[in-house]
A.B. asks: 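Before I ask anything, here is the structure I am working with.
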Amino acid sequence: MTELASGKLLLEEPAEGVARLVISNEKRRGALDHEILDALAATVADLDAPCLVIAGSGRMFSAGYDIANLDEGSFEQEAEKLVAHPFHAAIEALEAYPYPVVAQINGHAIGGGLELAVTCDIRVAARGVKLGMPPAKLGLVYSHTGLKKFIEVCGVANTNELFFVGRNVDADRGERMGLVNHVVDEDELDERVLDLAGEIASNAPLSLSGNKRIIRTLREVPSALPEDVENELVELRESCFLTEDFREGVRAFGEKRAPRWQGR
């Protein structure tokens, strides 16, 4: 086992041909900070295992972006930098990985943690874990690339429910929505994931990489946005970082109270 990001990310080889990255940031509920995201992006880019597993530790898969401790004096800049750069780079590295990636959803996957899981090719969750997207409760406009991914995975109607209601769903409901492929008992999760990953890793590497590249290309080509439209959507997303509502949403989240929205 190799410790990365000051021990908050672990690299393991639990089976032949299988690499596993474990988010080990239990004190912060598996939150994804700059150090973890940078290490994740760099490590994934260097791996060549025929199957990669992304897992969490303890009771969490990941609670998403680590926004609770952003400095009030440079709040907008720090929030935008965290969400826009290191997270995006980590997601891009996972998407570009040439072989199948399996999410081992051992615990709750919330916000960016759920997008991290949805970016994986196959998702296996422990029964009872919660899955949720809270941007509406934080005053956050989500990225168009992230929303597109959810629409592809679980459809428009389920994406609407996740993002407009903001309520967590359990793993069984998530399976029906298409968010996860399989739900298993917690004590069976590790064995089931490694069996699946081992079976994937035993298949023909050229087939795995070739089919993944074709699937990725088929998903990307029909939905390429004109540059001006994409710029407009990026500007819309970035504008939320300057709002009072986003500040209030993050503040209320940290203080565990209902936010007081002002609409500005």
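One is the number of the first residue; the rest follow in order along the sequence. Being a predicted model, the structure only gives us computed values, none of them experimental.
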A.B. asks: Is the shortest side-chain N to carboxylate O distance from Asp33 to Lys8 below 4.0 Å?
C.D. replies: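 Salt bridge between Asp33 and Lys8, a charged N being under 4.0 Å from a carboxylate O: yes.
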
A.B. asks: Which heavy atom of Val22 sits nearest to which heavy atom of Gly56, and what is that distance?
C.D. replies: CG1-O, 3.5 Å

A.B. asks: Would you check if the side chain of His108 reaches a backbone N or O of Val129 as a donor-acceptor pair within less than 3.5 Å?
C.D. replies: no

A.B. asks: Flag yes if more than 12 heavy atoms outside Glu255 fall under 6.0 Å of its CD atom; otherwise flag no.
C.D. replies: yes

A.B. asks: Let me see the working for Val18 and Ile200 under side chain to side chain contact (heavy atoms under 4.5 Å, CB included), right down to the final yes or no.
C.D. replies: CA-CA 9 Å; Val18 177; Ile200 290 170; over 6 Å; no

A.B. asks: Between Leu131 and Ala171, which heavy-atom pair has the shortest distance, and what is it?
C.D. replies: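 Shortest heavy-atom contact: CD1-CA, 4.3 Å.
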
A.B. asks: Taking the inter-plane angle between the rings of Tyr65 and Tyr142 on a 0 to 90° scale, is it parallel (under 30°), tilted (30 to 60°) or perpendicular (over 60°)?
C.D. replies: parallel

A.B. asks: Please name the pair of heavy atoms, one in Leu206 and one in Ser209, separated by the smallest distance, quoted to 0.1 Å.
C.D. replies: O-OG, 3.4 Å

A.B. asks: Test your reading of the model: is there a side-chain donor-acceptor pair from Thr43 to the backbone of Leu40, 3.5 Å cut-off?
C.D. replies: no

A.B. asks: Quick one: pull up OG1 in Thr145 and NZ in Lys148 and give me the separation to the nearest 0.5 Å.
C.D. replies: 8.5 Å

A.B. asks: Where do Arg127 and Asp185 come nearest, in terms of heavy atoms and distance?
C.D. replies: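 In terms of heavy atoms, the two residues are closest at NH1-OD1, 2.7 Å.
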
A.B. asks: Under 6.0 Å from the CZ atom of Arg213, do we count more than 12 heavy atoms belonging to anything else shown?
C.D. replies: no

A.B. asks: Can you give me the closest heavy-atom contact between Glu161 and Arg173, atom names plus distance?
C.D. replies: OE1-NH2, 2.8 Å

A.B. asks: According to a hydrophobic-cluster definition based on side-chain heavy atoms being under 4.5 Å apart (Ile, Leu, Val, Met, Phe, Trp, Tyr only), do Met60 and Ile36 belong together?
C.D. replies: no

A.B. asks: Just by modelled atom types, is the Cys120 backbone N or O under 3.5 Å from a matching donor or acceptor in the Arg123 side chain?
C.D. replies: yes

A.B. asks: Between Arg251 and Glu248, is the closest basic N to carboxylate O distance under 4.0 Å?
C.D. replies: yes

A.B. asks: Linking I/L/V/M/F/W/Y whenever any side-chain heavy atoms sit under 4.5 Å apart, do Leu162 and Ile151 land together?
C.D. replies: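 In one cluster with Leu162: Ile151, no.
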
A.B. asks: Nearest 0.5 Å, please: how far is OG in Ser24 from CD in Glu3?
C.D. replies: 8.0 Å

A.B. asks: Give me each pair satisfying salt bridge (charged side-chain N to carboxylate O under 4.0 Å, His left out) with a member in residues 40-57, each pair once, sequence neighbours excluded.
C.D. replies: none

A.B. asks: Is there side-chain contact between Asn25 and Ser62, with heavy atoms separated by less than 4.5 Å?
C.D. replies: no

A.B. asks: Let me check something: do Phe61 and Leu194 share a hydrophobic cluster, defined by ILVMFWY side-chain heavy atoms less than 4.5 Å apart, either directly or through other members?
C.D. replies: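 No; tracing contacts between hydrophobic side chains, which count when under 4.5 Å, never links both residues.
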
A.B. asks: Between Glu95 and Thr119, is there a side-chain donor-acceptor contact under 3.5 Å, judged purely by atom types and distance?
C.D. replies: no

A.B. asks: Is a side-chain N or O of Asp38 found less than 3.5 angstrom from the main chain of Pro86, in a donor-acceptor match?
C.D. replies: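 Such a contact is absent between Asp38 side chain and Pro86 backbone.
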
A.B. asks: Hey, does Glu35 have a side-chain heavy atom less than 4.5 Å from the side chain of Ser6?
C.D. replies: yes

A.B. asks: Count I, L, V, M, F, W, Y as connected when their side-chain heavy atoms are under 4.5 Å apart, and connections chain through other members. Are Tyr97 and Leu32 then in the same cluster?
C.D. replies: yes

A.B. asks: Can we say Glu186 and Arg59 salt-bridge, meaning some charged N sits less than 4.0 Å from an Asp/Glu carboxylate O?
C.D. replies: yes

A.B. asks: Side-chain contact test, heavy atoms from C-beta onward, threshold under 4.5 Å: evaluate it for Phe164 versus Thr159 and give yes or no.
C.D. replies: no

A.B. asks: With a 4.5 Å limit on heavy-atom distance, are the side chains of Glu115 and Lys149 in contact?
C.D. replies: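 Of all side-chain heavy-atom pairs linking Lys149 with Glu115, at least one is under 4.5 Å.
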
A.B. asks: Give a yes or no on whether a salt bridge exists between Arg260 and Glu244, defined as a side-chain N under 4.0 angstrom from a carboxylate O.
C.D. replies: no

A.B. asks: Measure across Gly17 and Ala49 and return the closest heavy-atom pair with its distance rounded to 0.1 Å.
C.D. replies: O-CB, 3.6 Å

A.B. asks: Taking atom types as modelled and ignoring hydrogens, do the side chains of Gln104 and Arg20 form a donor-acceptor contact shorter than 3.5 angstrom?
C.D. replies: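 Yes, because at least one side-chain N or O of Gln104 sits under 3.5 Å from a partner of the opposite role on Arg20.
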
A.B. asks: Could you give the distance from SG (Cys51) to CG (Asn203), rounded to the nearest 0.5 Å?
C.D. replies: 10.0 Å

A.B. asks: Rounded at 0.5 Å granularity, tell me how far CG in Asp187 sits from CZ in Arg192.
C.D. replies: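 Those atoms lie 11.0 Å apart.
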
A.B. asks: Any heavy-atom pair between the side chains of Leu10 and Leu21 that's under 4.5 Å?
C.D. replies: no

A.B. asks: Apply side chain to side chain contact (heavy atoms under 4.5 Å, CB included) to the pair Ile54 and Leu116, showing each step before the final yes or no.
C.D. replies: CA-CA 9 Å; Ile54 304 294; Leu116 187 71; 4.2 Å; yes

A.B. asks: Measure the shortest side-chain to side-chain distance between Ile110 and Pro134 over non-hydrogen atoms and say whether it is less than 4.5 angstrom.
C.D. replies: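 Yes. Closest side-chain heavy atoms under 4.5 Å.
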
A.B. asks: Should Ser57 and Ile23 be marked as a side chain to side chain contact (heavy atoms under 4.5 Å, CB included) after you check the CA-CA gap, both sets of side-chain angles, and the distance that decides it?
C.D. replies: CA-CA 6 Å; Ser57 59; Ile23 302 164; 5.8 Å; no

A.B. asks: Between Leu4 and Leu11, is the side chain to side chain contact (heavy atoms under 4.5 Å, CB included) condition met? List the steps.
C.D. replies: CA-CA 7 Å; Leu4 308 165; Leu11 174 61; 4.2 Å; yes

A.B. asks: Is Leu52 close to Leu47 at the side-chain level, that is, under 4.5 Å between some pair of heavy atoms?
C.D. replies: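 With C-beta onward as the side chain, the pair touches.
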
A.B. asks: With side chains defined as the heavy atoms from C-beta onward, is the minimum distance between Val180 and Ile105 less than 4.5 Å?
C.D. replies: yes

A.B. asks: So how far is it from Leu140 CG to Met133 CE, rounded to the nearest 0.5 Å?
C.D. replies: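 With rounding to 0.5 Å, CG (Leu140) is 8.0 Å from CE (Met133).
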
A.B. asks: For Glu188, does the CD atom have more than 12 heavy-atom neighbours from other residues, nucleotides or ligands under 6.0 Å away?
C.D. replies: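 Check passes, neighbour count above 12.
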
A.B. asks: With a 3.5 Å distance limit and no angle check, can you tell me whether Asp121 reaches the backbone of Val101 through a side-chain donor-acceptor pair?
C.D. replies: yes

A.B. asks: Could you tell me whether the side chain of Lys212 and the main chain of Tyr99 form a donor-acceptor pair under 3.5 Å?
C.D. replies: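 Checking the backbone N and O of Tyr99 against the side chain of Lys212, a donor-acceptor pair under 3.5 Å is found.
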
